[in-house]
There are 2 protein chains.
Amino acid sequence: MFEGKKGTMNKQSKTFTNRQTVTAQDVADKAGVSRASVSRTFTSNGSIAPETREKVMRAASELGYQVNFLAQGLNRKRSQLIGVVVARLSDPFRSSLLESLLTEIHEKGYQALVTEVKNQEQLEETIRQFTQYRVSGVVVTSGQPPTELVSECVQHNIPVVGINRHMDLPYVDFVCSDNKMGAELALAQLLQSKCRALGWLNYKGSTWAGVNRGKTYRRLVESKQPEFGLTLSDLTAFEDGYEGGRAAAHDYCLSLKTGSVSKLDGIFCANAQLACGFLDGMRECGFEAPKEFHLIGFDDTQITAQYSYRLTTIRQNTSAMASQAIACLEARGADANSAQRIEMIPVSLVCRHTSPMND
Amino acid sequence: MFEGKKGTMNKQSKTFTNRQTVTAQDVADKAGVSRASVSRTFTSNGSIAPETREKVMRAASELGYQVNFLAQGLNRKRSQLIGVVVARLSDPFRSSLLESLLTEIHEKGYQALVTEVKNQEQLEETIRQFTQYRVSGVVVTSGQPPTELVSECVQHNIPVVGINRHMDLPYVDFVCSDNKMGAELALAQLLQSKCRALGWLNYKGSTWAGVNRGKTYRRLVESKQPEFGLTLSDLTAFEDGYEGGRAAAHDYCLSLKTGSVSKLDGIFCANAQLACGFLDGMRECGFEAPKEFHLIGFDDTQITAQYSYRLTTIRQNTSAMASQAIACLEARGADANSAQRIEMIPVSLVCRHTSPMND
DNA sequence: TTGAAAGCGTTACCAC
DNA sequence: GTGGTAACGCTTTCAA
């Protein structure tokens, strides 16, 4: 009775003030049903008669009703939001990963709360804010979230998944490109191309993924050493990205001249940016791939395909990673205590000019 | 009395179940004040005694209290969320713009709700969802939002701002790189380099920004025509991005050979991707910049600086654009009826190898 | 299947 | 300055 009256008043005020928000009560009044039925119509949760549903739908669309996600989330103690932590979008691989994540997130009916973090403090603040929005999950593509904060998420029952970075925490899942497979593909390609003096190029302050790729690669090379007589030298970039790779090439060429290092014929690289920089740096010194050395990068970003580079690379399957990540979140959302999932996503070799296909 | 009892019960259940959410009431109980005072402490809205504030703060931090943004937003009818519409993050300029937007959004205390739209329908759905989260504003960096939907935002009192795309709607603000200034800088550079046979390269289905740049450029060239005896030919790319530019170069070279077009010596390009592709395409045909022609691009993306390209470009100031955009949203949030703002952001010329600095 | 009513956690207005 | 209380708009038992 009182509710009904209130609803009527709402509709009146709607007519006079300039289009206020239309609520479930308004729809209920118009359809001649209860607020509860309206809710049921829109949540496919709880049973409702087809004809009631129909009435509600009609009333709703006539009024232009839309669920208020804030109220819904408050009530359910969970929003349809997924928090995404990114860093350095200027790296094309990062942005393509983000792109895949956004696509997947929307496809599954969520909205993405995206934060770029520049340092550790920001990360903490960010994750805290995510919990304040009662997100359905958090995807960390960058930075090392402090154990304590992540545990806070877990306590709030918010699933967390890391992409290309391991977090040794219980209940935190993990999606990663198969770096072992990448190492195998790269090495096979270099071996077939008769490379024996191998090099590994990475940035000194590399990400977890970069370090892991290096370790995996070294282990593999060592295991094949007896059979092929391989050597593996570390080339270190002291700056990240393109310029880091370019400088590393200059350093390397200088060492070659002074004779403090011997010539390498097959170089594998932690990421595409470094690889492109290295390629250009070598060019400046007069060395061309694949004539004088073979070069393989990681991350098959757009630029690697361009005419000036045509880089042979290991391609990461970002859409598979994204869909696995969201799947992890949903699974853990359903059962918070399920075993930790570690999903390895297969990678593939894209042969281009800097280490062309054999035969 | 009842409230007090309830609070106590909450705290108890907290002890027994595994850390439930702590509410303002819990803090109020612990601090021995009312829920209202807790709210005042956290919103700098309404007056509160310093010592009360202190008590609340202490209690809050001991309990680990954090405001529930969902409840806050529901009550205020507005969340601290800003919706951002992007497209094709694979274009480095887009992702760098997004990066600037994210930075600005967080700096101003908001969170970003990011959606990548692939088509018109998605855009509509997206904007609708933004309103359902009661966002404080919407930034459109891509796509043409349907008039009706934007009006819906306006009716919901949600400010909308477009970046690098004009929306001829009242109450919708607009931030744009100064394309006229870009045209002037580019033309001045080409004229100083003695270029007279000019070309304009753009994608057939270009964005609003691209088309606008072309129009502005043509107008400017025509105004200088009498003085310098200029010609301006359109080069059209039938595909977007790098490959489009490359193909356009091939087409152009072919036309040169058949004599169906005369040689151009100064080419200005709607964006960096096209420009890099064009440069590579010309290389494949044996033409080098700046020896055989000058080339200037738009968008000073990372790749343009790389050794293999060293492209002279017009640089857009993404952080200025981002901060203006958010400023527009806040201004309109404060006064929904203020006059439409159109903010032109100055651009600058970055001289590199493809059209080197004169003297 | 449906409706009434009790929250969800805040904020803001109104007395004191 | 502070506390009580009515919203905010929705979901979800619990009876009927």
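- For Gln122(A) (side chain) and Lys118(A) (main-chain N/O), a donor-acceptor pair under 3.5 Å exists by modelled atom type.
- For dG3(D), its base sits under 3.5 Å from the side chain of Arg40(B) at one donor and acceptor pair at least.
- Leu74(A) comes within contact range of at least one nucleobase, with a heavy-atom separation under 4.0 Å.
- Over its length, the helix from dT1(C)-dA16(D) to dC16(C)-dG1(D) turns its helix axis by 30°, as judged from the five terminal pairs at each end, rounded to 10°.
- Of the charged side-chain nitrogens involved, none lies within less than 4.0 Å of a carboxylate oxygen, so that Arg88(A) and Glu116(A) do not count as a salt-bridged pair.
- With hydrogens and angles left out, the side-chain atoms of Tyr110(A) and Glu330(A) include a donor and acceptor closer than 3.5 Å.
- Rounded to whole angstrom, the span from the CD atom of Gln80(A) across to the P atom of dT11(D) amounts to 11 Å.
- One interatomic measurement links the two molecules: CG of Asn45(A) to P of dT11(D), which rounds to 9 Å at whole-angstrom precision.
- Proximity note for Ala49(A) (side chain, C-beta onward) versus dT1(C), dT11(D), dG3(D): the nearest is dT1(C).
- Contact annotation: Thr52(B) side-chain N/O to dG1(D) OP1/OP2 distance is not under 4.0 Å.
- Atom CG of Asp26(B) is separated from atom P of dC8(C) by 11 Å (rounded to the nearest Å).
- The CG atom of Asn75(A) sits 14 Å away from the C1' atom of dT10(C) (whole-angstrom rounding).
- Paired with Val38(A) under the rule side-chain contact (heavy atoms from CB on, under 4.5 Å), one option of Ile48(A), Val33(A), Asp26(A) passes, and it is Val33(A).
- Rounded to an integer number of Å, the gap from Arg35(B) CZ to dA7(D) P is 14 Å.
- Using modelled atom types, one finds no donor on one side chain facing an acceptor on the other under 3.5 Å when comparing Gln80(B) with Gln111(B).
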